[in-house]
Number of protein chains: 2
Amino acid sequence: MNYSRQREIILEALRNNVVHPTAEYIHSVLEKQYGSVSIATLYRNLNQLVDNGLIKRIDGLEVPSHFDHNTHEHFHFMCEKCKKIFDVSSDVAPDIVEKAQQELGAKINGYDIVFRGICNDCK
Amino acid sequence: MNYSRQREIILEALRNNVVHPTAEYIHSVLEKQYGSVSIATLYRNLNQLVDNGLIKRIDGLEVPSHFDHNTHEHFHFMCEKCKKIFDVSSDVAPDIVEKAQQELGAKINGYDIVFRGICNDCK
DNA sequence: TCATAATTGATAACAATTATCATTTTATAG
DNA sequence: CTATAAAATGATAATTGTTATCAATTATGA
């Protein structure tokens, strides 16, 4: 991965701004706060950053994809009403990888846990 | 939900055939084994069946969506090599909903757990 | 059996994402 | 410093999966 200014500001925007943005949202943030980046470059870089482990793609939520600069193990909850995404600590499912690997006889490289419901504020 | 022959054969195909098919795959199965159903009708019915709890949409796997006639609580593992999807028992994460609800102060209505890795056969 | 609501198929539209490709930028070996 | 190869960019076309539209058909039930 060679250096590029565009990738730098994409990562910077992710780290300094909202926590679980879509590509479209990142695009709008860049426009305002940093330099504008073409939509193709943005998608290309998001994929590269995911592939290189610098960010995570949150699977299992609604399309479009959401991204997360927090690469520490944790899960997500999306409020079905306000659509906000909250972090959930990985303590809710201890030993889950070991148990699943044992059950499957497989090598698990990653996993996603996504909750849906109504958040505290919307209740 | 009024009766329709198309919905009947879609559900029948799901129950009698492969376990985690995509819409496209169901479409091809219908073509061969049952009567042909228009793609619009298929998507419409899949959504309705999900809404009515007769089948589940498996979120968090690759696009396109996969569907599951098994509505009992369980999780999924997708092999990154052969792309096959395996069931994982819900025993791997006991009390997960209660713990997450407590942490969030939210009402959880559903959740998905999806593992990725290399399956026993592909290792 | 008539009226209303639900469903269908064909197809257009849509949204998110990826591919293409000529041009520019970056890394590096001499 | 160059020269060169590899990587990245922007503009835009293309693709993919899915949903919307709408006229025609089918189901439901008073």
Side-chain angles (χ1 to χ4, degrees), chain A residues 1-14 18 20-68 78 83 85 112 114, chain B residues 1-14 18 20-68 76 78 80 83 85 112 114:
Chain A
M1 235 190 355
N2 281 353
Y3 170 85
S4 93
R5 167 81 187 139
Q6 283 83 342
R7 184 152 50 235
E8 184 176 76
I9 65 174
I10 289 167
L11 198 48
E12 205 176 317
L14 265 158
V18 237
H20 305 109
T22 62
E24 186 48 39
Y25 190 81
I26 298 168
H27 195 237
S28 77
V29 168
L30 293 180
E31 199 110 275
K32 287 192 212 94
Q33 300 184 16
Y34 306 81
S36 159
V37 166
S38 104
I39 194 74
T41 301
L42 175 57
Y43 274 105
R44 235 175 335 205
N45 276 293
L46 287 172
N47 285 334
Q48 272 184 102
L49 290 166
V50 169
D51 291 348
N52 288 80
L54 285 109
I55 64 172
K56 292 253 296 171
R57 179 194 311 278
I58 309 177
D59 291 313
L61 294 177
E62 299 179 346
V63 166
S65 286
H66 293 254
F67 296 87
D68 196 344
M78 181 183 253
K83 304 290 177 188
I85 298 167
D112 281 287
V114 171
Chain B
M1 237 189 354
N2 281 354
Y3 171 85
S4 93
R5 168 81 186 138
Q6 284 84 344
R7 185 153 49 235
E8 184 177 76
I9 65 174
I10 289 167
L11 198 48
E12 205 176 318
L14 264 158
V18 236
H20 304 110
T22 62
E24 186 49 41
Y25 189 82
I26 299 167
H27 195 236
S28 77
V29 167
L30 293 180
E31 198 111 274
K32 286 193 213 91
Q33 301 184 18
Y34 305 80
S36 160
V37 165
S38 104
I39 194 73
T41 300
L42 175 57
Y43 274 106
R44 234 176 336 209
N45 276 294
L46 287 172
N47 285 334
Q48 271 183 102
L49 290 166
V50 169
D51 291 347
N52 288 79
L54 285 108
I55 64 172
K56 292 253 297 170
R57 179 194 311 277
I58 309 177
D59 290 312
L61 295 177
E62 298 179 346
V63 167
S65 287
H66 295 253
F67 296 87
D68 197 345
H76 296 99
M78 180 183 255
E80 291 167 331
K83 305 289 177 187
I85 298 167
D112 284 288
V114 170

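Chain letters run A, B, ... following the sequence lines, proteins first and then strands; every chain starts at 1.
Contact annotation for A/Glu62: no contact, since no heavy-atom pair falls under 4.0 Å across all strands.
For the pair B/Tyr3/B/Arg5, a side-chain contact is recorded, criterion being any heavy-atom separation below 4.5 Å from C-beta on. Side-chain contact check for A/Val114 versus A/Met78: every heavy-atom pair is 4.5 Å or farther apart.
Put simply, the residue from A/Ile26, A/Ile9, A/Val29 that forms a side chain to side chain contact (heavy atoms under 4.5 Å, CB included) with A/Leu14 is A/Ile26.
A side-chain N or O of A/Asn47 and one of A/Arg57 form a donor-acceptor pair less than 3.5 Å apart.
Taking atom CD of B/Glu8 as the reference point, atom C1' of C/dT7 lies 14 Å away to the nearest angstrom. As rounded to whole Å, 11 Å separates atom C1' of C/dT8 from atom CD1 of B/Ile10. Distance, B/His27 NE2 to D/dT16 C1': 16 Å, rounded to whole Å. Atoms CG (A/Leu61) and C1' (C/dA16) sit 16 Å apart, rounded to a whole Å. C/dA6 atom P lies 14 Å from atom CG of B/Asn45, rounded to whole Å. Per the geometry, CD belonging to A/Gln6 stands 17 Å off P belonging to D/dA7, to the nearest Å. Taking atom CG of residue A/Leu30 and atom C1' of nucleotide D/dG10, one finds them 14 Å apart after rounding to whole Å. Taking atom CG of residue B/Leu42 and atom C1' of nucleotide C/dT7, one finds them 14 Å apart after rounding to whole Å.
Look at B/Thr41 and you'll find a side-chain N or O under 4.0 angstrom from OP1 or OP2 of C/dG9.
When every heavy atom of B/Pro21 is checked against every heavy atom of B/Tyr25, the shortest pair comes out as CB-CD2, 3.8 Å. Across A/Leu46 and A/Ala23, no two heavy atoms sit closer than the pair CD1-CB, 3.9 Å.
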Q | Under 4.0 Å protein heavy-atom contact, by nucleotide of nucleotides 17-30 of chain D - B base, S sugar-phosphate only | A | SBBBB-----SS--
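When the nucleotides C/dG9, D/dG10, C/dT8 are ranked by their closest atom to the side chain of B/Val37, C/dG9 comes out on top.
At least one donor-acceptor pair closer than 3.5 Å links the side chain of A/His66 to the backbone N or O of A/His20.
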